[in-house]
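Worksheet: one structure, shown below.
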Amino acid sequence: MTAKPRLTHNHARRLLGQMMRIRVFEERCAELYTQQKIRGFLHLYIGEEANAVGTMEALTPQDSVVATYRDHGHALARGVAMGPVMAEMYGKAGGTSRGRGGSMHIFDRPARFYGGNAIVGGGLPLAVGLALAEKMAKGSGVAVCLFGEGAVAEGEFHESLNLAALWKLPVLFVCENNLYAMGSAIERTESETDIHLKAASYRIDSRRVDGMDVVAVEAAARGALEHIRGGGGPVFLECMTYRFRAHSMFDAQLYRDKEEIERWKERDPIKRFQTWALSAGLLHDSDVTALSAEAVIEVDAAVAFAEASPWEPLADLEKHVLMDKVPA
Amino acid sequence: MTAKPRLTHNHARRLLGQMMRIRVFEERCAELYTQQKIRGFLHLYIGEEANAVGTMEALTPQDSVVATYRDHGHALARGVAMGPVMAEMYGKAGGTSRGRGGSMHIFDRPARFYGGNAIVGGGLPLAVGLALAEKMAKGSGVAVCLFGEGAVAEGEFHESLNLAALWKLPVLFVCENNLYAMGSAIERTESETDIHLKAASYRIDSRRVDGMDVVAVEAAARGALEHIRGGGGPVFLECMTYRFRAHSMFDAQLYRDKEEIERWKERDPIKRFQTWALSAGLLHDSDVTALSAEAVIEVDAAVAFAEASPWEPLADLEKHVLMDKVPA
Amino acid sequence: MSAARRKTTYREAVRDAIREAMLRDPRVFLMGEDVGRYGGCYAVSKGLLQEFGEERIRDTPLSESGFVGAGIGAALNGMRPIVEVMSVNFSLLALDQIVNNAATIPHMSGGQFAVPLVIRMATGSGRQLAAQHSHSLEGWYAHIPGLKVLAPATLEDARGMLWSALEDPNPVLIFEHVQLYNMEGELDAAAGAVPISGAAIRRPGRDLSIVTYGGSLSKCLAAATALAGEGIEAEVIDLRSLRPLDDATIMASVARTRRVLIVDEGWRSGGISAEISARIVEQAFYELDAPPARLCGVEVPIPYPKHLEDASVPQAESIRAAARALVRPT
Amino acid sequence: MSAARRKTTYREAVRDAIREAMLRDPRVFLMGEDVGRYGGCYAVSKGLLQEFGEERIRDTPLSESGFVGAGIGAALNGMRPIVEVMSVNFSLLALDQIVNNAATIPHMSGGQFAVPLVIRMATGSGRQLAAQHSHSLEGWYAHIPGLKVLAPATLEDARGMLWSALEDPNPVLIFEHVQLYNMEGELDAAAGAVPISGAAIRRPGRDLSIVTYGGSLSKCLAAATALAGEGIEAEVIDLRSLRPLDDATIMASVARTRRVLIVDEGWRSGGISAEISARIVEQAFYELDAPPARLCGVEVPIPYPKHLEDASVPQAESIRAAARALVRPT
Ligand SMILES: Cc1ncc(C[n+]2csc(CCOP(=O)(O)OP(=O)(O)O)c2C)c(N)n1
Ligand SMILES: Cc1ncc(C[n+]2csc(CCOP(=O)(O)OP(=O)(O)O)c2C)c(N)n1
Ligand SMILES: [Mg+2]
Ligand SMILES: [Mg+2]
């Protein structure tokens, strides 16, 4: 575990709390899926929480975020309220996207959260554009783009990295390398399996990080953002991580064995950070108990919010297909 | 000039002759364009002849070739008969593609010449597929793919290089780096301007070659093909070259200055090789005179062939849109 | 049922078709994302990797343009690839290869080269997968000369169209509606290839013709059954092929029924239904008692919640209502 | 002509429109391959780099998906990008971004985000550029909900549609026919924005309506002039917008003339002409004296030689013949 000298009690509490609430939320989602409250594809983030939490901790409100279909964790870490996120998973009108997007398409304007993109690689050019606008308008925001290592093979990855590097745009690329794209192990999809090297070939400042270590991710993100805000151009972080669950709810996991999963579970980012913080005296047992209880309370409330939320009226089906103005 | 110990008189004569006939052909095309015999876009290859000639010299009949819209030079070097190539430029029924393709779409089955592709980057996946078929059918052919450095920024480049390297396919990538994509200098389009390094990032065996030196290109191509045929997987050659003319016939060349062009003209691959071969005693003045005369005769004959060729009948307009069988 | 028939699903029928093709012709191989280890996004190819090995059941990286283009190249060089694109929305990433290469090379080369390639993709809504996974673009693809476009709606067609498509010298796109994969039924144990040209009348009727295909067929048949209870006999035509269209079967039916409802899950404007309507008025205007009616997808990126998703595409009930309104205008 | 009018070309009109937008709104910028140093593939943006600098006249690498997607992202984040794609065939490389992102994000986000983006592209045949540079896919794009699709056919529209498109909160595609760039004429020196909704009647007539747009407009007008010599008065409607379509103008015209010929350079099957035909029979069936006729592109990847290229798309002469056959059937 990366020891950070300036890690305060409050900050440690916050990091653990964030990861815990995402974990509890996701576990509840799995249950709600079997109850058919949540439908469609559902991609759990369990095991990967440290990436989102560590990254988002380092952001300011001006920064924008582009995520994938595995986006609920990202959105919660970014500070999108849990009730609307859960309502979105239900498809209710109280959802972040009024239910129209569902689990794969969380969007949130106040958080500058630009989806929830379910085309693998499709979010990368958006992030380049968000950053381009920022640069042209002389804003201070950075566009943060999260994506899996599977996206690296897509042409849109290549075009986006080149544009970002060529134009020295304020983009933070965060590759969540969980070693699999659905059932495809990285060795079977990439001729160069060291993704951070691949990124470096665009002359982008690129680093590999332990994605199971929230403190390491936060430190890397902070460093990267400093570099970017200083005008140094884009940075690429490859976060080595693992998903503990199936790719989505329709996956028999024929492509990996249980031992591999168990080995990675030993590095569970929540357990590891908790153990370390307790042993370092940064947190007390009572903190853990409280956080854990708070997470459950928050998730319960989110479920209640989602349950109570109405459905979008049928009459509004065609609303928002064309906009009548650009939202201010 | 790379001195090759085994360069015979005959071979030197052949290399010079090939380059000369392409040059004379292309210069005639420029004239024919102003006479409106050739229409549409026309992309002259003048200055870049050594790349095609050096590469094609090293091929066997089983190898296949995928080229760009700057393909007449490629086709001639590959051994496609000049008459049908010229007739194709005219759009006549005697053309390689019965006139339907025009200058950008030379196809020739006997030469295994798969176009003439005018979508930048679009030929790369085709080459991967040709090579995949070859490998699966345990054939000995190599798929040779020529493209400009402008194609390197396209997503299809990225996807193709990864596939070729991952599957160790028999592909020879030949990047003709003439420093410009239309009016865009490479520094303005690539964050990594050393293209051969870019290719190496896919773990592809990659080399930079002097594309103004036909002997160097041939030697590199031979080496590459040996490696590929030995099962070593794809090879990437970056041929440093320059086009002496405008991008196409509609180009005022606002983006580069005359001196730059003049500097490169000093390295004219024909003049250089000729001077060297003469001074090395490999060729005699009489060879040069003869080759030069032969080229003119061949081009004259090609023009006569094209002129004499009929037009496709209007009634056949929809022919070949759907095939009724796979040609044997 | 006779002993020669056996229970199966649409998914298994597609799998059996792939297996048969692989066994029949060594040039055939299956290539796509997660077709191997994972068994296919919709479990279509489950087990095939074990049977045929990873050369011929070829997992690809996420590179739609790359591997679709590679399929074209392999077809040009003697193979008979079946390329799977997980979902029609993702196929947009490969559109350059499909439209600019596969559809043009035969013509552009003056007939020197054919592209005997099959591309399979899942299409359609109904699984609450929202706006980047649920569209129905098969009718859109049917605009492109040089392609053939198929939409198997029955077990027989799921089982039988693939081999015919592989024997065709042209690039053939096969669209499998996501809601059909679990469809169960019985199939002749000896079921094999079926012709891929020509529509089929799935239910004869005299009062109106309902022209449809793919995922909407079973809804139309359900509507027709319900309509029969009201005394309206609908003839239901399954197009089977969207390019080329079988004008003769459509016109013959319309000449008998004099009324036609076209049902299509794709977006209405510029969809395949418009083409069918236009052809009907061009070829059978004076035989019509009423203008051809269209019931299509609402023009909206498919929303996630079930009530909105259901309302976005034709359903048995709305088909029934539209048919009734056509036959008995108020 | 009055002193307030000045000679110009379609190319210059587009350039002036871009210049005006750049001057009016600092959020506007132009981005695309070779729009800067080279001056644009069709010389549209020549001189603008010198005037506005390379930040705002932004040359891009060959990366259609990347820079179109970047345009979407920039639009999401407050800019008003004009993205140029050299040719509609190349736009297929960016289709994922256009269809899966630009057209869906507003709806998918529940109306939180708009994509005020303009994408300009050259379309159409007539320059002997063959099967990878000559297609007319604007009608195909018009199938996609969430997009607006414009086809300026006159100098006024070339000059005036851009600003209105930029003021629209939705992604707007503008298709410029390659044969129009050299079109000369006079334009009001004070010409500016024009509304982008609504078709225009470019020539009134009583005997039939010819519905067309873009590169075919001038051919239809030429045909109409010739037809007038035969005593046939054709009303010529310029659609201007292909999505949405202006049904009211079409139906009002058809109600007067009772006959309609739809002329469109795109491929016939599943083209925009089919949609117009279907709408006319749906909305004006009982006012028609004859079925709507379509004259469209032949369904072939456009061939290179002039005689074949010309025969692939409607020409004044074939339009005239089709109109005559409609009004005076033999
Ligand atoms: C363009 C595209 N192709 C295929 C898919 C189907 N698909 C969804 S997720 C996925 C795997 C992506 O893996 P990775 O990028 O590593 O992300 P992870 O799921 O591991 O977080 C695939 C193939 C898709 N959504 N988009
Ligand atoms: C996908 C695509 N985008 C744009 C174009 C227009 N275009 C034709 S050639 C060219 C430049 C290509 O440069 P390069 O690859 O370096 O080849 P070169 O012409 O220098 O031989 C461009 C932009 C195209 N044909 N295809
Ligand atoms: Mg992954
Ligand atoms: Mg170049």
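Below, chains carry the letters A, B, ... as their sequence lines are ordered, and counting in each starts from 1.
- Side chain to side chain, A:E176 and A:Y45 meet the donor-acceptor criterion of an N or O pair below 3.5 Å.
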Are B:Y202 and B:H158 close enough, and set up right, to give a ring pair (Phe, Tyr, Trp, His ring centres under 6.0 Å), and what steps lead you there?
CA-CA 9 Å; B:Y202 297 85; B:H158 176 70; 5.5 Å; yes

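- Listed options A:S201, A:S191, A:G155 were ranked by heavy-atom pairs under 4.5 angstrom with chain B; first place goes to A:S191.
- Ranked by heavy-atom pairs under 4.5 Å with chain B, the first of A:E190, A:R188, A:E156, A:K168 is A:E190.
- In this structure, B:K198 is not positioned above the aromatic face of B:F157 in the sense of NZ or CZ being under 6.0 Å from the six-membered ring centre and within 45° of the axis.
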Worked verdict on B:F107 versus B:F113 for ring pair (Phe, Tyr, Trp, His ring centres under 6.0 Å)
CA-CA 5 Å; B:F107 282 81; B:F113 195 85; 7.9 Å; no

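- Among A:L197, A:T189, A:L163, the residue making the largest number of heavy-atom pairs under 4.5 Å with chain B is A:T189.
- A cation-pi contact links B:R256 to B:Y180, judged by a cut-off of 6.0 Å to the six-membered ring centre and 45° from its axis.
- Within the 4.5 angstrom heavy-atom criterion, atoms from both the backbone and the side chain of A:E154 approach chain B.
- Of all the listed residues (A:A200, A:A165, A:A153), the one sharing the greatest number of non-hydrogen pairs under 4.5 Å with chain B is A:A153.
- Looking at A:S160, there are no atoms closer than 4.5 Å to chain B (heavy atoms on both sides), in backbone or side chain.
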